[in-house]
2 protein chains.
Amino acid sequence: MNINKQCIIRLSRYRNALNRFRSLGFVKVFSDNLGDAVGVTPAQVRKDFSLFGISGNKKGGYQIDQLLEKLNSILGKDEVHKVVIVGCGHIASALLRYKGFEKEGIRIAAGFDIDPAKVNRAAAPPVLPLEELKEYVKANGIKTGIIAVPDIAAQQVHDMMLSAGIKGVLNFAPIRLKGAEDCIINNINVEYELENVIYYVNAMQKTGRKP
Amino acid sequence: MNINKQCIIRLSRYRNALNRFRSLGFVKVFSDNLGDAVGVTPAQVRKDFSLFGISGNKKGGYQIDQLLEKLNSILGKDEVHKVVIVGCGHIASALLRYKGFEKEGIRIAAGFDIDPAKVNRAAAPPVLPLEELKEYVKANGIKTGIIAVPDIAAQQVHDMMLSAGIKGVLNFAPIRLKGAEDCIINNINVEYELENVIYYVNAMQKTGRKP
DNA sequence: TAGATTGTTAATCGATTAACAATC
DNA sequence: TAGATTGTTAATCGATTAACAATC
């Protein structure tokens with residue numbers, strides 16, 4: 001009923017599918033097509049849209065261009081969002097170097113690391129000493145941070161982010177961050193997801209059937 | 001009621017928290033402690049355990065060692081699981097080089113790429129040409145694969161994995177993979193998660209309150 | 001014993017889906 | 001028009017939580 005996280009994630013999925021439809025030359029879609037592309041029921045598609053006041057044509061489906069415009073606006077794609085990353089291990093480096101965010105309106109402004117050897121002010125994006133995090137975040141009005149440090153350091157980094165005014169965090173560390181009421185936290189854990197896949201593969205082999 | 005994906009992910013979280021408790025010298029935990037560490041209610045912890053026939057002591061909580069043994073067994077930690085990765089972009093490279101999987105019983109056996117320039121048979125793990133995927137997977141009895149290629153190539157890679165006998169896939173590409181009934185697919189999408197954080201940060205700023 | 005914690009049932013909560021009137 | 005699709009309500013489904021008897 002309410003707008004929840006899964007619902008917003010679906011908007012991202014719709015958006016992605018619509019971009020692909022458009023690049024294939026399509027001009028309109030039906031809830032049926034979109035649901036199929038994204039893996040949800042047509043009813044879910046229409047429900048999601050109605051929650052955001054997006055409406056189509058009773059018979060003609062939805063105009064892709066109009067729909068994308070609405071979704072872009074909802075997802076804040078009409079401006080560039082700057083993000084910082086703390087931790088410069090393998091995952092952090094991968095995200096720092098990833099070029100795909102830029103065309104989605106997400107700019108990794110800088111990386112931060114506690115290890116002076118990792119600091120590189122000339123890089124693009126630059127890698128700065130962790131001590132400068134707060135100052136940098138405040139100076140640049142950054143509201144979103146990515147935590148990609150070992151579990152032992154994650155809470156400390158989170159506290160620093162909060163005190164710097166960060167309001168949203170994407171956390172790759174395998175711990176529950178405790179913190180402010182007014183900061184949203186999303187967690188990604190590759191190991192857990194992989195463990196999960198492995199569990200079901202094992203379970204299927206034992207029981208002989210899909211879960 | 002039933003055992004679902006979220007439930008299994010929680011088992012991974014409990015396991016992680018328990019390892020930390022143990023390394024701090026604790027011997028037993030209560031559902032209260034565990035729930036707090038992981039961010040769920042004590043009732044949820046007990047419910048999860050009872051689904052897997054794990055029981056504690058009516059007054060004494062749970063013995064950490066025994067509990068870990070049970071969770072390890074459920075999650076298949078008593079053997080090493082070999083995994084292949086296809087795609088050698090930034091994320092794939094990060095996972096290939098990540099040392100943390102090994103101590104959790106997950107071994108990245110090899111990477112595969114379509115680009116001959118990326119091939120490196122001497123590396124550990126080796127990076128092999130994509131054509132060799134099927135042969136390698138069959139020869140090594142591998143059941144789990146990670147897809148970290150661009151969206152345009154993902155379905156094709158998935159098809160190859162299926163024909164090679166892979167039964168579980170962790171997919172980083174932003175599309176819905178269509179495939180076999182007897183293959184489990186988990187999706188990770190960093191961009192969607194980040195977009196989601198950004199959405200809520202914006203929403204909070206506009207409405208002034210947490211979602 | 002009294003107090004505390006488990007294990008489980010029943011109640012609640014929330015999200016998804018089915019169904020259908022409206023309508024193009 | 002007849003057929004198809006939307007938008008929305010009501011029903012269903014499933015997961016979480018509250019509550020409490022059992023018991024250590």
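Only heavy atoms go into these numbers, but all of them, side chains included; no hydrogens, no water, no symmetry mates. Labels below follow one simple rule: chain letters A, B, ... track the order of the sequence lines, proteins then strands, and each chain is numbered from 1.
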Query raised in the report: Quick one: B/Lys5 NZ to D/dA15 P, roughly how many Å, whole number?
Result: 14 Å
Query - Rounded distance (Å) that lies between atom P of D/dA4 and atom CG of A/Asn33 - result: 15 Å
Query - B/Asn187 and B/Tyr192 side chains, donor-acceptor separation under 3.5 Å - result: no
**Report entry** Integer-rounded Å distance: D/dG7 C1' and A/Asp48 CG
**Finding:** 13 Å
Query raised in the report: So, do B/Ile184 and A/Met204 sit near enough that their side-chain heavy atoms are less than 4.5 Å apart?
Result: yes
Report summary line: By nearest-nucleotide position on DNA chain C, the 5'-leaning member of A/Lys59 and A/Gln44 is A/Gln44
Requested in this report: Using only heavy-atom distances, determine whether the side chains of B/Tyr200 and A/Asn186 contain a donor-acceptor pair under 3.5 Å.
Outcome: no
Query raised in the report: Are OP1 or OP2 of C/dG7 and a side-chain N or O of B/Ser50 less than 4.0 angstrom apart?
Result: no
Report task. Please work out if A/Phe49 contacts a base, only the sugar-phosphate, or nothing of the nucleic acid, heavy-atom cut-off 4.0 Å. Result -> nothing
Query raised in the report: Any Lys/Arg nitrogen of B/Lys5 or A/Glu193 sitting under 4.0 Å from an Asp/Glu carboxylate oxygen of the other?
Result: yes
Query raised in the report: Between D/dT6, C/dG7, C/dA10, which nucleotide gets closest to the side-chain atoms of A/Tyr62?
Result: D/dT6
Report task. Assign each of A/Arg46 and B/Arg10 to its nearest nucleotide of DNA chain D by heavy atoms, then name whichever residue's nucleotide is nearer the 5' end. Result -> A/Arg46
Report summary line: Between CG of A/Leu51 and P of D/dT9 the distance, given in whole Å, is 11 Å
Query raised in the report: Is the distance from OP1 or OP2 of C/dT17 to the nearest side-chain N or O of A/Thr41 less than 4.0 Å?
Result: yes
Query raised in the report: Does a nitrogen or oxygen in the side chain of A/Asn2 sit under 4.0 Å from OP1 or OP2 of C/dG14?
Result: no
Query raised in the report: Between D/dA15, C/dT5, C/dG7, which one does the side chain of B/Phe30 approach most closely?
Result: C/dT5
Requested in this report: Let me know, please, whether A/Lys58 or A/Ala43 comes out on the 5' side of the other along DNA chain C by nearest nucleotide.
Outcome: A/Ala43
